[in-house]
2 protein chains.
Amino acid sequence: MTVINHIREIRKKKGISQIKMAEDLQVTRQTMNAIENNKYNPSLELALKIITYFDMPIDEIFILEEDAK
Amino acid sequence: MTVINHIREIRKKKGISQIKMAEDLQVTRQTMNAIENNKYNPSLELALKIITYFDMPIDEIFILEEDAK
DNA sequence: CACGAATGTAAAGATATCTTTACGTTCGTG
DNA sequence: CACGAACGTAAAGATATCTTTACATTCGTG
């Protein structure tokens, strides 16, 4: 099981930079960048901040997928 | 900002033991116990498994709260 | 070209999440 | 009482998340 996310698409659609989003969420730009590029998943706390920030249902942003075999 | 959860209440209402829930979710009993007792928050992946397991919306299980001052 | 803005990335270090092993308590029930 | 089932907890170790600092690339635009 792995989690994929659609943060980059949503962020771009809203015309927000990684920098601004990171500042708004009080994390570093590197953290947002790493999450968008699937270096790792956000913590639950950060994930909740992100869905609040985007004001979207969690399943439109984070998706739990079966691992490819 | 901290995350609180209602896992224990929901689990008990459904009549499931920590042991069974841990097995079903493929984590250790200690992990479920620690999360219920707020030793730490689950990872996003485990949180998504939990909402799927309970088949409930995330905001009825995990709540992002302001820190008490 | 020069520049600023946005993004990618890397490495070291701090802290959080999770496992493994182990021991203790409580409670129901034979 | 003896036993099993459920739960609490602790400590050591592995791995994941996040910060700080730093450098590099890409792209638009004066």
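Sequence lines set the chain letters: A, B, ... in the order given, protein chains first and strands last, and positions in each chain run from 1. Values below: all heavy atoms of this structure, side chains included; hydrogens, waters and symmetry mates excluded. Since we're looking at a predicted model, the values are computed, not measured.
- Contacts between residues 5-25 of chain A and DNA chain C, counted as heavy-atom distances below 4.0 Å, involve A/Arg8, A/Arg11, A/Ser17, A/Gln18, A/Ile19.
- Here CD of B/Glu65 is found 6.0 Å from OG1 of B/Thr2. Values are rounded to the nearest 0.5 Å.
- A/Ile63 and B/Ile50 fall into different hydrophobic clusters, where Ile, Leu, Val, Met, Phe, Trp and Tyr side chains are chained together by heavy-atom contacts under 4.5 Å.
- For the pair B/Ile7/B/Phe54, a side-chain contact is recorded, criterion being any heavy-atom separation below 4.5 Å from C-beta on.
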Requested in this report: Could you go through the side-chain contact (heavy atoms from CB on, under 4.5 Å) check for A/Phe62 and A/Ile51 one step at a time?
Outcome: CA-CA 9 Å; A/Phe62 298 104; A/Ile51 70 175; 4.1 Å; yes

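- Put simply, B/Asn33 has no side-chain N or O that comes within less than 4.0 Å of OP1 or OP2 on D/dC7.
- Not counting sequence neighbours, A/Ser17 has no partner by the side-chain hydrogen bond (donor to acceptor under 3.5 Å, both in side chains) test.
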Between N or O atoms, less than 3.5 Å apart, protein on one side and nucleotides 25-30 of chain C on the other: list the pairs.
none

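- Among residues two or more places apart in sequence or in another chain, the side-chain contact (heavy atoms from CB on, under 4.5 Å) test is passed with A/Asn33 by A/Arg8, A/Gln18, A/Asn37.
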Atom pairs under 3.5 Å, N or O on each side, protein against nucleotides 21-24 of chain C: can you list them with distances?
unit_1	atom_1	unit_2	atom_2	d
C/dT21	O4	B/Gln30	NE2	2.6
C/dA22	N6	B/Gln30	NE2	2.7

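- Residues A/Leu64 and A/Glu66 are not in side-chain contact: their nearest non-hydrogen atoms beyond the backbone lie 4.5 Å or more apart.
- With sequence neighbours excluded, the residues forming a salt bridge (Lys or Arg N to Asp or Glu O under 4.0 Å) with A/Glu45 are A/Lys49, listed by chain and number.
- Scored by the salt bridge (Lys or Arg N to Asp or Glu O under 4.0 Å) test, B/Lys39 finds no partners at all (sequence neighbours excluded).
- Side-chain contact check for A/Ile10 versus A/Met56: some heavy-atom pair is nearer than 4.5 Å.
- Counting only residues at least two apart or in different chains, salt bridge (charged side-chain N to carboxylate O under 4.0 Å, His left out) contacts with residues 9-19 of chain A comprise A/Arg11-A/Glu36.
- Note on A/Thr28: every side-chain N or O is 4.0 Å or more away from OP1 and OP2 of D/dC18.
- Nearest-nucleotide positions on DNA chain C place A/Asn37 closer to the 5' end than the other of B/Val27 and A/Asn37.
- For the side-chain contact (heavy atoms from CB on, under 4.5 Å) test, residues two or more places apart in sequence or in another chain that qualify with B/Asp59 are B/Pro57.
- One interatomic measurement links the two molecules: CD1 of A/Ile35 to P of C/dT7, which rounds to 15 Å at whole-angstrom precision.
- Comparing the helix axis at one end of the helix from C/dC1-D/dG30 to C/dG30-D/dC1 with that at the other, each defined from 5 consecutive pairs, gives an inter-axis angle of 30° (nearest 10°).
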Can you give me the N/O atom pairs linking the protein to nucleotides 15-17 of chain D at distances under 3.5 Å, or say none if there are none?
unit_1	atom_1	unit_2	atom_2	d
D/dT17	OP1	A/Asn41	N	3.4
D/dT17	OP1	A/Asn41	O	3.3
D/dT17	OP2	A/Asn41	N	3.4
D/dT17	O5'	A/Asn41	O	3.3

Report task. Take B/Leu46 and A/Leu44, measure what side-chain contact (heavy atoms from CB on, under 4.5 Å) needs, and give me the verdict at the end. Result -> CA-CA 9 Å; B/Leu46 180 50; A/Leu44 175 59; over 6 Å; no

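- A/Ile58 places a side-chain heavy atom less than 4.5 Å from the side chain of B/Leu48.
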For residues 22-32 of chain A, which side-chain N or O atoms pair as donor and acceptor with protein atoms under 3.5 Å away, sequence neighbours left out?
unit_1	atom_1	unit_2	atom_2	d
A/Asp24	OD1	A/Lys20	NZ	3.3
A/Asp24	OD2	A/Lys20	NZ	2.8
A/Asp24	OD2	A/Tyr53	OH	2.6
A/Thr28	OG1	A/Thr31	N	3.2
A/Thr28	OG1	A/Thr31	OG1	2.9

